[in-house]
Protein chains: 2
Amino acid sequence: MTEKQEKILQAALELFARDGFSSTSTSKVAAHAGVSEGLIFRHFKNKEGLLEAIIKEGEVKARTLFADIVLESDPKEVIRKTIDMVLNISSNRADLEFWKLQYKIKWETEKYGEHKMEPLHLALTSAFTKLGYVSPELEASLLLIINDGLATRIALQKGFKCETLTSFLKEKYQV
Amino acid sequence: MTEKQEKILQAALELFARDGFSSTSTSKVAAHAGVSEGLIFRHFKNKEGLLEAIIKEGEVKARTLFADIVLESDPKEVIRKTIDMVLNISSNRADLEFWKLQYKIKWETEKYGEHKMEPLHLALTSAFTKLGYVSPELEASLLLIINDGLATRIALQKGFKCETLTSFLKEKYQV
DNA sequence: TATTAGAAAGTAAGTACTCACACAAGTAAT
DNA sequence: ATTACTTGTGTGAGTACTTACTTTCTAATA
């Protein structure tokens, strides 16, 4: 990938995250990236192609993020790392912007990437099973739903302090 | 409010919920409502005004929805009704569309109406206190966050069965 | 008669996207 | 070494069309 190609992606990421996909014009992306507008279409074919490139990047990042959790053998660690994941993301500026965009895209395109979550869901189910929970599969679903709720707050509720809730959760699950 | 005014609002609600605010043009709203485009600007001043009218409607609906819960004296009922609230919404087509739009707007405008949730949060805190929970305020926050997560799934994950999770929750809270 | 609801036809600015062209850098043949 | 040809990166001006919003007009009603 060339230097300007990366600049376009970075500019699109920033503007899409701030203003939304359909509120961001290709001319704005080009101006913000410091390139000509035509270059966007040369490299990404359409505006949609630009979005897809960003989504793909998100899928890769998600996989590497989950890998560390899924490979964990200690069930308590699986749960703890899942809870901490959202905390880690929220504490890093660049990561926060990136994942906020991924959620924004979900709401704008109305496609929920449930398949992306499946390995994590399986790992959590097995963890809750090992710990003797009565409904491990539902417990896993619930924890992921809590993470979705937390993500919503982190992204939209300015000044939301995530840490108090994550440590409360870790206490609850005794991890 | 005149007949055509209501038609405009209804059309805007449907299109904003389906395609998003900025992807929906005033001309499309007018066509869908069967009125001239200019009429939108006569009655709502601008596109933003149309959105505000819908948001205001949402605030009214939210208040009446919470009223029943807040006035409840039995702490277990407060918790049960809070959990069932999201289930009730998801089972009604028109309501679902309406609340989906409210969430969509939140993500598009990045304004989280936390003040709207405050009475419910207080009612839940008092309920958890009465039931002797160790951290009633955090428990209240957690339940509302779970509701946010559930709303995300209901709106975005097609085929999501909400009922299994809500009954699981009611079991967990013993309500 | 004055005010309002409504339609129809505008407007200027913006939209996604295309096109012709320039400038390299590599490759191969002379 | 020079020439010719391809290939990929990049630009800037243009395309047809859509956008939010205005203006001008009419018909009804209080």
Side-chain angles (χ1 to χ4, degrees), chain A residues 1-58 97 101-102 104-111, chain B residues 1-58 97-98 100-102 104-111:
Chain A
M1 203 186 300
T2 90
E3 182 198 344
K4 302 223 168 188
Q5 223 164 333
E6 286 188 48
K7 279 209 169 180
I8 291 170
L9 267 180
Q10 182 58 33
L13 180 72
E14 281 175 34
L15 295 183
F16 289 174
R18 202 188 61 194
D19 305 326
F21 173 68
S22 47
S23 299
T24 305
S25 63
T26 50
S27 66
K28 279 183 204 156
V29 173
H32 196 248
V35 302
S36 68
E37 197 182 349
L39 197 58
I40 291 174
F41 297 93
R42 162 135 313 184
H43 286 310
F44 300 96
K45 194 186 174 194
N46 337 31
K47 202 189 165 188
E48 199 75 23
L50 192 51
L51 183 66
E52 272 164 30
I54 289 173
I55 291 176
K56 204 157 275 179
E57 216 181 319
E97 193 178 49
L101 173 58
Q102 297 294 130
K104 263 194 145 173
I105 290 171
K106 278 185 196 175
W107 278 97
E108 218 171 328
T109 65
E110 296 214 13
K111 297 233 135 66
Chain B
M1 204 185 298
T2 92
E3 182 197 346
K4 303 228 167 186
Q5 224 164 333
E6 285 187 47
K7 279 207 170 182
I8 291 170
L9 267 180
Q10 182 57 35
L13 179 71
E14 282 174 36
L15 295 183
F16 289 174
R18 202 187 62 193
D19 306 325
F21 174 68
S22 48
S23 298
T24 304
S25 62
T26 50
S27 65
K28 279 184 203 156
V29 173
H32 196 249
V35 301
S36 69
E37 196 183 351
L39 197 58
I40 291 174
F41 296 92
R42 172 168 297 272
H43 285 309
F44 300 95
K45 191 183 176 196
N46 41 32
K47 201 188 167 188
E48 199 74 23
L50 191 51
L51 182 67
E52 272 164 28
I54 289 174
I55 290 175
K56 204 158 275 178
E57 216 181 320
E97 195 178 49
F98 182 85
K100 192 161 110 178
L101 173 58
Q102 296 295 128
K104 264 196 147 172
I105 290 171
K106 278 185 197 176
W107 278 97
E108 217 172 328
T109 65
E110 296 213 12
K111 296 239 134 66

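What you see below is based on every heavy atom in this structure, not just the backbone, and it leaves out hydrogens, waters and symmetry mates. Computed from a prediction, not measured in an experiment: that's the story for all the values here. Proteins get letters first, then strands, A, B, ... in listed order; numbering begins at 1 in each.
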In whole angstroms, how far is the P atom of dG10(D) from the CD atom of Q5(A)?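 Distance, rounded to whole Å: 8 Å.
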Whole angstroms only, please: what is the CD-C1' distance between E6(A) and dG10(D)?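 Result: 17 Å.
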Given salt bridge (Lys or Arg N to Asp or Glu O under 4.0 Å), test K100(B) with E110(A) step by step and report yes or no. CA-CA 11 Å; K100(B) 192 161 110 178; E110(A) 296 214 13; 3.2 Å; yes
Would you say [X] and [Y] make side-chain contact, with heavy atoms under 4.5 Å?
X       : Y       : answer
F44(A)  : L51(A)  : no
E108(A) : W107(B) : no
I105(A) : F21(A)  : no
L9(A)   : M1(A)   : yes

Tell me yes or no: between the side chains of T26(B) and E37(B), is some donor less than 3.5 Å from an acceptor?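 A donor-acceptor contact under 3.5 Å links the two side chains.
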Check every strand shown and say whether E37(A) touches a base, only sugar-phosphate, or nothing at a heavy-atom separation below 4.0 Å.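 Base contact - E37(A) has a heavy atom under 4.0 Å of at least one base atom.
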Within less than 4.0 Å of OP1 or OP2 of dG10(D), is there a side-chain N or O belonging to T2(A)?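 For dG10(D), OP1 or OP2 has a side-chain N or O of T2(A) closer than 4.0 Å.
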Contacting residues from residues 22-34 of chain B, given that a heavy atom lies under 4.0 angstrom of DNA chain D: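 Contacting residues: T24(B), S25(B), T26(B), S27(B).
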What residues from residues 11-20 of chain A pass a heavy-atom cutoff of under 4.0 Å to DNA chain C?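 The stretch gives none, as no residue of it lies under 4.0 Å from the strand.
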Could you list by number each residue of residues 39-55 of chain B showing a heavy-atom separation from DNA chain C of less than 4.0 Å, or answer none if no residue does?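 Under 4.0 Å from DNA chain C: L39(B), R42(B), H43(B).
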Can you tell me how far CG of L15(B) sits from OG of S23(B), rounded to the nearest 0.5 angstrom?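 Between S23(B) OG and L15(B) CG, I get 11.0 Å after rounding to 0.5 Å.
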Which distance, rounded to the nearest 0.5 Å, do you find between the NZ of K104(A) and the CD of Q102(A)?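 Between atom NZ of K104(A) and atom CD of Q102(A) there are 12.5 Å.
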